[in-house]
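Note that the coordinates shown come from a computational prediction; the quantities given were computed from them, not determined experimentally. What you see below is based on every heavy atom in this structure, not just the backbone, and it leaves out hydrogens, waters and symmetry mates.
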Amino acid sequence: MRNTKEYKDWVKEVKERDGERCVLCGADQHLEAHHVFSFKNCVSLRLDPDNGIALCKWCHKKYHAFYNLENTSPHTLLKFFKAFRF
């Protein structure tokens, strides 16, 4: 799935919408698209741009260190932002 054109278009759209910057730290390099609702558990939202935010690879990795791949949700994302936003 992640190698499909549709998925790559989703990543591009999320990054462009967020101004090509990490929404947490403001970095403008090494950006990744993060699913707000779990990629694994919310199949119907996988390609919905409203279910994505741009994070740099470091913030993305840190988020998933705290909240594994299955626990991604708006609730955990807000908790993470409150704890780590610069």
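Using a 4.5 Å heavy-atom threshold, the side chains of Leu47 and Met1 count as touching. In this structure, His75 and Tyr67 have side chains that are not in contact, with every pair of non-hydrogen atoms separated by 4.5 Å or more. Contact check for Glu32 versus Leu55: no side-chain heavy atoms found under the 4.5 Å cut-off. A 4.5 Å side-chain heavy-atom check between His64 and His34 finds at least one atom pair inside the cut-off.
Remark: Lys12 NZ to Lys5 NZ distance equals 8.5 Å, nearest 0.5 Å. Note: Asn68 CG to Thr76 OG1 = 9.5 Å, rounded to the nearest 0.5 Å. Interatomic distance, Glu13 CD to Asp50 CG, rounded to the nearest 0.5 Å: 8.5 Å.
Contact record, Asn51 with Leu45: ND2-O, 3.1 Å, taken as the closest heavy-atom pair. Nearest approach of Cys22 to Cys59, heavy atoms of both residues: SG-SG, 3.8 Å. The shortest heavy-atom contact between Val43 and Lys40 is CG2-O, 4.0 Å. Between Ile53 and Arg17 the shortest heavy-atom distance is CA-NH2, 3.8 Å. Annotation for Ala54 and Lys15: closest pair CB-CA, 4.3 Å, computed over non-hydrogen atoms. Across all their heavy atoms, Trp10 and Asp48 have their closest contact at NE1-O, 3.0 Å.
The same ILVMFWY cluster, assembled from side-chain heavy atoms under 4.5 Å apart, contains both Leu77 and Val23. Criterion: ILVMFWY side-chain heavy atoms under 4.5 Å apart, direct or through other members. Under it, Leu78 and Val36 are not part of a common hydrophobic cluster.
The ring pair (Phe, Tyr, Trp, His ring centres under 6.0 Å) test with Phe84 singles out one residue from Tyr63, Trp58, Phe66, and that residue is Phe66.
The aromatic rings of Phe39 and Tyr7 sit perpendicular, their planes meeting at an angle over 60°, well past the 30° parallel limit.
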